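Below: one structure, written as structure tokens.
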Amino acid sequence: MCGKMGENEIESMENMMSMAVYLVIADTLDIDVDEIYPDSNLKQDLGMTSAVQHELDQSIMEMFNNFQVDFSRANTVRDVVRQIAKVTVH
């Protein structure tokens with residue numbers, strides 16, 4: 001069965017991948033997944049440091065087929081999800 005979870009293919013992929021990304025972020029930053037929201041700022045709201053960013057990058061690479069997040073363009077959780085979803089769709 002195939003279903004639509006958004007207005008377009010990328011949005012559908014974002015919605016499906018969000019929980020996996022949230023879990024990776026929560027595990028890496030050692031926080032409760034319920035503290036993570038799409039607009040959570042990785043540094044200001046979630047306390048990501050440079051060292052933790054490196055760990056998060058490694059965890060994302062392990063989970064998402066060696067995809068490397070461009071953290072210079074990813075300030076929020078939503079930014080991370082969008083980057084991963086775009087690569088997965090293409």
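Since this is a predicted model, take the numbers as computed values, not measurements.
Put simply, the side chain of Asp79 gets close to the backbone of Thr76: a donor and an acceptor are under 3.5 Å apart.
If you chain together hydrophobic residues whose side chains sit under 4.5 Å apart, Phe67 and Met61 never meet in one group.
When the shell of 6.0 Å around CG of Asp70 is examined, it contains more than 12 heavy atoms from other residues, nucleotides or ligands.
The distance from the CD1 atom of Ile36 to the OH atom of Tyr22 is 8.0 Å, given to the nearest 0.5 Å. The distance from the CE atom of Met17 to the CE atom of Met63 is 9.0 Å, given to the nearest 0.5 Å. The distance from the CZ atom of Phe71 to the CG atom of Leu56 is 4.0 Å, given to the nearest 0.5 Å.
Among residues at least two apart or in separate chains, side-chain hydrogen bond (donor to acceptor under 3.5 Å, both in side chains) pairs with a member in residues 32-44 are Asp39-Arg78.
Here the closest heavy-atom approach between residue Leu42 and residue Ala74 is recorded as CD1-O, 3.5 Å.
Within the 4.5 Å cutoff, the side chain of Val21 has heavy atoms near those of the Phe64 side chain.
Each of Ile60, Thr28, Leu29 was checked for a side chain to side chain contact (heavy atoms under 4.5 Å, CB included) with Glu55, and the lone residue meeting it is Thr28.
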Legend entry - Pair Val52-Leu46, side-chain contact (heavy atoms from CB on, under 4.5 Å): steps then yes or no: CA-CA 11 Å; Val52 173; Leu46 303 180; over 6 Å; no

